[in-house]
Q: 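Here it is, the structure in full.
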Amino acid sequence: MALRVVILDRDGVINRDRDDYVKSADEWIPEAGAIEAIARLKAAGIWVGIATNQSGLARGLFSTADLDAMHQKLRHLVREQGHEVDAIAHCFHLPDAKCPCRKPEPGLLAQLQTLYGRPFVSHETCMVGDTQKDLLAAAAFGLPAILVRTGKGAKTLESHAIKNPVFDSLKHWVDSLAL
Ligand SMILES: [Mg+2]
Ligand SMILES: [Zn+2]
């Protein structure tokens, strides 16, 4: 498989998740090896987009400026490895807003595809998530996905019958690719 596009969930995949939401750049702490894994994907010529539910914005737990600061930190850390994240799409709605973007809806993937500029091809694309919402969003958009055990991943495996491939972390998945 020639992998061309990777869509990453953020919390629990790239950075450590928190039960009380990741609310600031200080609370945004990378998972072990995640930044290097993104850099390795980029070095292999893969387009890397991030699709993240951020209902904490609508809940008033943090501001758009806080979110920007978190994403500046993410981008800065990847840039230190000599690479750039291609796009970040976030949903700021509450779950009961019934918006088209909050995963498990596929709207964030549609936004990323627009930024990519071409249709995502299923056998050249993979989503990486730690919750069933991520896996369902990918499926709703016709894309394969893998689950990582970091973040809520272990809990997801306990509470859902997951048929997707499972890896210990983003780093372990990228290690497994023949890049
Ligand atoms: Mg997550
Ligand atoms: Zn939304």
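Just so it is clear, the values below take in all heavy atoms, side chains as well, and ignore hydrogens, waters and symmetry mates. Just so you know, ligand 1 is whichever comes first in the structure, and atom 1 is the first atom listed for that ligand. Note that the coordinates shown come from a computational prediction; the quantities given were computed from them, not determined experimentally.
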Q: Decide if atom NE2 of His76 counts as having more than 12 heavy atoms of other residues, nucleotides or ligands within a radius under 6.0 Å.
A: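 Check fails, neighbour count at 12 or below.
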Q: Return yes when at least one N/O/S atom of Asp17 is nearer than 2.8 Å to the Mg ion (ligand 1), and no when none is.
A: no
Q: Quick check: does Asp134 have an N/O/S atom under 2.8 Å of the Mg ion (ligand 1)?
A: no
Q: My understanding is that only one of Asp175, Ile146, Val128 makes a side-chain contact (heavy atoms from CB on, under 4.5 Å) with Phe167; could you say which?
A: Ile146
Q: Report the angle formed at the Mg ion (ligand 1) by atom OD2 of Asp9 and atom O of Asp11, rounding to the nearest 10°.
A: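 My answer is 90°, to the nearest 10°.
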Q: Of all N, O or S atoms in His93, which has the smallest distance to the Zn ion (ligand 2)?
A: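 Answer by atom name: ND1.
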Q: Parallel, tilted or perpendicular, judged at 30° and 60°: which one describes the rings of Trp47 and Phe120?
A: tilted
Q: Evaluate whether atom NZ of Lys133 has more than 12 neighbouring non-hydrogen atoms of other residues, nucleotides or ligands under 6.0 angstrom away.
A: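 No, NZ of Lys133 has 12 or fewer neighbouring heavy atoms, counting only those of other groups under 6.0 Å.
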Q: In a check of side-chain hydrogen bond (donor to acceptor under 3.5 Å, both in side chains) between Asp11 and each of Lys152, Gln54, Arg16, which one passes?
A: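 For Asp11, the side-chain hydrogen bond (donor to acceptor under 3.5 Å, both in side chains) check succeeds only for Gln54.
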Q: With the Zn ion (ligand 2) at the apex, how many degrees lie between SG of Cys91 and SG of Cys101, rounded to 10 degrees?
A: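 Result: 120°, to 10°.
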Q: Which atom name would you report as the N, O or S atom of Asp130 nearest the Mg ion (ligand 1)?
A: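 Among the N, O or S atoms of Asp130, the one closest to the Mg ion (ligand 1) is OD1.
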